[in-house]
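Input: a single structure, listed below in structure tokens.
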Amino acid sequence: MTDPVAELRMVVANAAAQLRGGSQPDAQPPARLERGRRAEQGHYATNAAMLLAPTLGLAPREIAQALGEHVAGALGGDLLAYAVAGPGFLNLELSDDWYRKALRALLDGGERFGAGGADPGERILLEFVSANPTAVLVAASGRHAAYGDALARILRLHGHSVSSEYYFNDAGSQIRRLGESVRARALGDEPPADGYQGAYVADLASEIDGAADPTVPVDVIAAKAVAILLERIKGTLVRYGVHFDTFFSERTLHAGTPSPLQRALARLREAGHVYDHDGAVWLRTTTFGDDKDRVLLRSGGEPTYFAADVAYMENKRERGFERQLLPVGADHHGYLARLKAAFQALGNDPDLLEPLIIQFVHLVEGDARAAMSKRRGEFVTLDELLDEIGVDATRYFMLQSSHERTLDLNLDLARSESSENPVYYIQYAHARLSSVLARVGEERVRSAVAVDAAWSSPAGELHSSERQLLRRLLSLPEEVAEAAERRAPHRMAAYALELAQDLTAFYRDCKVVGAEPPPTEAFRIALCAAAQTQLAVVLGLLGVSAPASM
RNA sequence: GCCCCCGUAGCUCAGUUGGAUAGAGCGGCGGACUUCUAAUCCGUAGGUCACAGGUUCGAAUCCUGUCGGGGGCGCCA
């Protein structure tokens with residue numbers, strides 16, 4: 001019994017197959033098995049009968065009844081009762097024996113319970129944040145960082161091999177502008193109009209030796225500035241708990257003969273997707289659904305940012321990553337059609353390049369929305385945000401809502417209500433469990449967890465809060481699968497909160513230490529241990545700490 | 001003008017491969033601390049799921065349109 005709910009689902013599927021007899025399952029979606037939302041809806045409910053109705057030509061409730069009989073036969077003593085309800089749901093009520101076996105499965109799974117659902121596991125490259133090292137990270141980058149990092153963790157638990165990567169632009173005109181801005185500040189001048197105005201540029205000017213020295217080329221100044229800023233960015237990411245396996249330099253795409261960029265270009269040319277026009281070199285992205293063709297090499301021969309991106313995609317593929325995930329800001333969405341087109345032009349299956357659009361974080365202070373232009377230097381940095389409300393609250397805030405939705409971050413509210421962040425409620429549940437288990441003592445915990453024969457007594461019946469907590473814990477595999485497949489870390493944030501609520505209800509209703517009779521105490525200790533393990537795992541997926549005390 | 005995302009309780013948001021009586025946190029109101037952690041709990045008020053049509057036995061969810069908010073439409077990055 002590695003996944004009790006999956007086994008239950010299998011029993012229902014088999015029963016449905018028997019009812020269906022020879023007729024094909026056709027294109028029906030698989031039947032669902034859900035936790036009952038209300039007490040009278042049983043412990044689990046399935047809509048299988050309603051899905052079978054069209055095929056069998058019978059009333060859903062009639063089918064549900066027959067389905068119930070089959071399921072009852074297969075489950076034996078694990079099933080306490082079943083009932084047909086509503087338009088044709090089959091509600092199942094499971095026995096306490098089933099719940100005890102389920103707890104055994106949870107404990108045996110340990111930190112890996114719910115892991116490995118991906119079939120097959122893929123080699124995935126997840127590139128995110130990738131903010132140019134022309135400034136420090138802004139608060140909004142905190143959303144991308146939290147999203148990508150959590151997604152990487154979730155995909156890994158789900159059974160994929162994920163490499164997280166930060167692509168940084170260390171070549172091209174923005175970098176040159178940074179260098180010119182630093183030089184201007186070093187000379188006591190204003191940066192150029194299209195340069196970087198922030199106060200940090202003046203700091204860079206004083207930090208970099210020779211910034212004012214006319215014999216030192218601007219490119220050298222720029223490179224030094226990039227190196228400093230990149231280190232600051234890395235420092236912020238470490239503080240934020242966001243890990244990158246690799247930092248990838250754009251410059252390397254232009255290096256060597258032939259450079260990766262030249263090779264990608266040659267490949268596209270061979271495939272017949274490239275042409276010359278107006279002195280520039282174009283990629284015929286319209287072949288693959290883009291609005292218009294795109295320039296790869298400008299009429300001066302200089303490659304566009306797009307050309308570098310194309311070479312970068314090719315490089316990812318050459319490194320053996322079959323799937324490329326690319327969370328980007330909503331302001332980039334117009335860029336994605338051409339990326340996808342280029343990916344196809346390189347001979348790839350377009351479905352293997354997955355751009356994920358992350359909507360904006362609107363910073364609000366008072367009534368006005370804070371403008372965030374890096375060039376003008378008017379922005380709230382991620383470090384400032386972390387100073388204000390802390391890593392855990394920031395990460396949870398950034399992850400609690402869908403990335404498809406714009407997020408309003410009211411700084412005044414964040415400051416004043418930081419302690420109201422749901423993350424503390426979740427962490428508190430974890431701390432409580434730790435406290436209970438500490439009170440019980442390691443030795444007692446070990447024995448309670450090890451010997452499930454000692455969990456049941458003739459008189460003991462589980463409390464409904466215990467059952468509900470177990471159902472929540474048992475749903476982790478499907479929650480992880482859902483979060484991974486939908487690229488939706490916020491599902492785990494919601495799950496963590498629900499788990500904490502069930503834990504709090506359990507804590508309220510079921511005394512653990514000294515519970516009578518002894519088998520009840522043993523069972524509850526084991527349940528606490530399983531819950532603590534899982535809550536720590538889930539918090540870990542979000543990149544939030546799981547404190548032993550608060 | 002064209003394209004993308006969003007519109008759910010006072011606020012911030014879950015819930016979209018169509019299912020049962022739409023949920024949570026915060027805020028409001030009324031209660032509970034000699035207790036395994038009160039950063040908690042209990043009770044209560046609060047909804048035309050933006051609007052209008054359509055498909056369906058069944059729609060917050062799918063389709064069409066309208067309104068509102070955000071973003072994008074460079075040989076910039």
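Note: hydrogens, waters and symmetry copies are ignored here, and every other heavy atom, side chains too, is used.
In this structure, A:F89 counts as stacked on the base of B:rA20 under the 5.5 Å centre distance and 30° plane angle limits.
Among the protein residues, A:A431 comes within range of the nucleic acid bases, having at least one heavy atom under 4.0 Å from a base atom.
Between A:Y312 and A:Y167, the gap from one ring centroid to the other is short of 6.0 Å.
At B:rU37, one or more side-chain N or O atoms of A:S435 fall inside 4.0 Å of OP1 or OP2 (strictly under the cut-off). Regarding contacts with the backbone of B:rG74, every side-chain N or O of A:R298 stays at 4.0 angstrom or more from both OP1 and OP2. For A:R491, a side-chain nitrogen or oxygen approaches OP1 or OP2 of B:rU16 to under 4.0 Å.
A search for ring-ring contact (aromatic ring centres under 6.0 Å, His included) contacts involving A:Y44 returns A:W98, not counting sequence neighbours.
Evaluation of the salt bridge (charged side-chain N to carboxylate O under 4.0 Å, His left out) test over residues 285-297 of chain A, restricted to residues two or more places apart or in two chains, returns A:D290-A:R294.
With the 3.5 Å cutoff on both pairing distances, Watson-Crick and G-U pairs in RNA chain B assemble into runs of at least 3 at B:1-7 with B:67-73, B:10-13 with B:23-26, B:28-32 with B:40-44, B:50-54 with B:62-66.
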Report each atom pair, protein N/O against N/O of nucleotides 3-5 of chain B, whose distance is under 3.5 angstrom.
residue : atom : partner : partner atom : Å
B:rC5   : O2'  : A:Q359  : NE2          : 3.3
B:rC5   : O2'  : A:E404  : O            : 2.6

Might you list the N or O atoms of the protein lying below 3.5 Å from N or O atoms in nucleotides 41-45 of chain B, with each pair's distance?
residue : atom : partner : partner atom : Å
B:rC41  : OP1  : A:Y425  : OH           : 2.7
B:rC41  : O3'  : A:R508  : NH1          : 3.1
B:rC42  : OP1  : A:R508  : NH1          : 2.4

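Comparing A:L90 and A:V513 along RNA chain B, the residue whose closest nucleotide (by nearest heavy atom) sits nearer the 5' end is A:L90.
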Worksheet entry | nucleotides 29-34 of chain B: protein proximity per nucleotide (B base, S sugar-phosphate only, - neither; heavy atom, under 4.0 Å) | ------

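Using C1' as the reference atom, B:rU16 and B:rA32 are 40 Å apart when rounded to the nearest Å.
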